[in-house]
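The figures that follow rest on heavy atoms only: side chains count, while hydrogens, waters and symmetry mates do not. Whatever order the structure lists ligands and atoms in, that order sets their numbers, starting from 1.
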Amino acid sequence: MSKDKILIVGALGQIGTELTLALRKMYGDSCVMATDIVEPRNLKNEVGWYEHLNILDKDRLRYLVEKHKITQVYLLAAILSAKGEQNPGFAWRLNMESLANVLNVSVEKNIRKIFWPSSIAVFGPNTPRQNTPQTTVADPLTVYGISKLAGERWAEYYHLTKGVDIRSLRYPGLISYKALPGGGTTDYAVDIFHQALEHKKYTCFLNEGTYLPMMYMPDAIRSTLELMEADSDKIKIRSSYNLSGMSFEPGELAREIQKHIPEFVMDYKADFRQGIADNWPQSIDDSQATQDWGWKPEYDLARMTEDMIYNLSKTKLPQVV
Ligand code: NAD
Ligand code: SER
């Protein structure tokens with residue numbers, strides 16, 4: 001059994017739901033504590049070891065770290081891009097104060113390793129949109145993107161000045177079936193599957209032709225674990241690594257779904273999220289991650305679509321009572 005004790009902050013969200021299970025598989029159930037500000041909705045699900053934690057409460061964070069001799073923290077709590085624009089002041093506070101609390105308690109308590117995700121949202125209108133390089137113009141227009149860019153700077157700063165072993169990925173839009181997404185611009189690529197299976201139709205809030213970088217959750221989880229397991233001297237980027245899975249636009253995704261559900265139809269009614277997507281990259285150059293710690297995605301559009309439909313169909317079958 002590993003000596004590591006892991007604390008996951010925001011464990012009940014889209015990523016945390018799956019990352020918690022993956023970490024428990026690696027480290028053992030008793031070594032991975034899930035925390036969140038909301039209570040688990042279904043006590044019968046696989047939440048396991050759970051503690052309430054509002055990450056803005058630094059004293060409670062310090063208490064849990066001390067009490068359980070935590071050695072690694074995965075900070076997943078955040079307000080995402082679309083939701084952030086509804087309340088920019090709070091999005092800034094949560095996204096920045098959460099990271100500051102984790103970094104400061106980590107220094108105090110000698111936490112061994114931290115994972116904190118950034119996003120493609122750090123880029124903006126003057127960033128090259130095709131094959132966006134690791135290091136380039138980053139001029140985000142959303143409060144979410146601004147907070148992620150500032151977070152990347154703090155991450156590198158704490159690494160350089162205090163030796164904190166913090167690691168980070170700029171996740172693309174993530175697609176998954178176990179938990180719903182939490183309010184991002186890329187959420188259409190999850191919602192479309194639920195609507196296709198239940199109603200055979202979907203109205204997309206992004207226009208046809210809006211290419212965005214995306215990734216299927218199994219690749220996102222594997223990339224996170226591979227980054228965190230890599231030897232420290234291989235991690236050359238201490239702000240955040242570009243990460244790439246696939247790139248598609250809504251029409252391509254709809255046509256891929258139609259291969260499985262031929263009667264599925266989609267129309268378009270763009271809203272404010274179009275303006276966010278229009279200033280994000282369309283594809284990402286992640287060669288630095290490949291070079292430094294061997295990153296390679298496994299899922300393309302066809303394979304992801306098939307797997308999403310297969311797994312969601314199982315959960316949407318009428319339940320026998
Ligand atoms: P999510 O919104 O699905 O989950 C966030 C979780 O944090 C929720 O369970 C929420 O209850 C919890 N939370 C909110 N406020 C909290 C607080 N004060 N204290 C403790 N917990 C709190 O988000 P996600 O999609 O799982 O994203 C996790 C991280 O990955 C975020 O930093 C996000 O910016 C980043 N990311 C996600 C994507 C994506 O497509 N999902 C893409 C890029 C980056
Ligand atoms: N999927 C996220 C969002 O749309 C990207 O960080 O906000």
Side-chain angles (χ1 to χ4, degrees), residues 7-20 33-41 47 50-58 60-61 64 73-87 90-91 93-102 114-123 140-152 155 168-176 178-191 205-206 210 212-217 219-221 223-224 240-245 272-277 279-281 284:
L7 166 62
I8 306 176
V9 183
L12 301 182
Q14 189 191 8
I15 299 173
T17 300
E18 303 204 30
L19 190 57
T20 303
M33 173 171 50
T35 71
D36 207 294
I37 195 170
V38 296
E39 293 304 313
R41 254 172 293 155
V47 171
Y50 175 84
E51 301 275 353
H52 181 87
L53 173 63
N54 175 356
I55 191 58
L56 297 178
D57 183 349
K58 189 177 170 188
R60 169 98 178 134
L61 171 67
L64 288 174
V73 177
Y74 285 69
L75 171 55
L76 303 177
I79 304 276
L80 277 77
S81 61
K83 215 170 152 189
E85 294 308 295
Q86 313 304 319
N87 190 346
F90 183 68
R93 180 174 173 224
L94 176 66
N95 295 0
M96 298 318 305
E97 223 173 288
S98 56
L99 181 59
N101 286 348
V102 167
I114 304 172
F115 177 75
W116 168 83
S118 184
S119 162
I120 53 167
V122 294
F123 298 116
L141 296 183
T142 60
V143 70
Y144 174 68
I146 298 169
S147 70
K148 289 295 183 186
L149 185 58
E152 288 189 8
S168 178
L169 298 168
R170 289 172 179 154
Y171 288 134
L174 299 182
I175 301 164
S176 67
K178 287 192 180 154
L180 291 171
T185 303
T186 57
D187 292 9
Y188 90 85
V190 178
D191 200 22
F205 60 73
L206 296 183
T210 309
L212 285 171
M214 299 279 187
M215 177 174 277
Y216 196 33
M217 192 60 87
D219 272 342
I221 300 296
S223 65
T224 308
S240 191
Y241 276 98
N242 270 9
L243 189 72
S244 176
F272 73 100
R273 290 169 280 195
Q274 185 66 45
I276 298 178
N279 289 300
W280 282 359
I284 297 286

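For the atom pair Asn279 CG and Phe123 CZ, the distance stands at 13.5 Å (nearest 0.5 Å). A distance of 10.5 Å separates CD1 in Ile276 from CG in Leu80, rounded to the nearest 0.5 Å.
With Asp36 as reference, Leu12 is the one residue of Ile55, Leu76, Leu53, Leu12 to meet the side-chain contact (heavy atoms from CB on, under 4.5 Å) rule.
For ligand 2, the 4.0 Å heavy-atom shell contains residues Leu80, Ser81, Ser119, Tyr144, Gly173, Gly184, Thr185, Thr186, Trp280. The protein residues lying under 4.0 angstrom from ligand 1, judged by non-hydrogen atoms, are Gly10, Leu12, Gly13, Gln14, Ile15, Asp36, Ile37, Val38, Leu53, Asn54, Ile55, Leu76, Ala77, Ala78, Leu80, Leu94, Pro117, Ser118, Ser119, Tyr144, Lys148, Tyr171, Pro172, Gly173, Leu174, Gly182.
Checking side-chain atoms of Asn95 against main-chain N and O of Ile79 turns up a donor-acceptor pair under 3.5 Å.
A donor and an acceptor atom, one from each side chain of Thr210 and Gln274, are located under 3.5 Å apart. Side-chain contact annotation: Ser81 with Thr185, donor-acceptor N/O pair under 3.5 Å present. Side-chain atoms of Tyr171 and Ser223 include no donor-acceptor pair closer than 3.5 Å.
Counting heavy atoms from C-beta outward, Val73 and Trp116 have side chains that stay 4.5 Å or more apart.
A 6.0 Å sphere centred on NZ of Lys58 holds more than 12 heavy atoms belonging to other residues, nucleotides or ligands.
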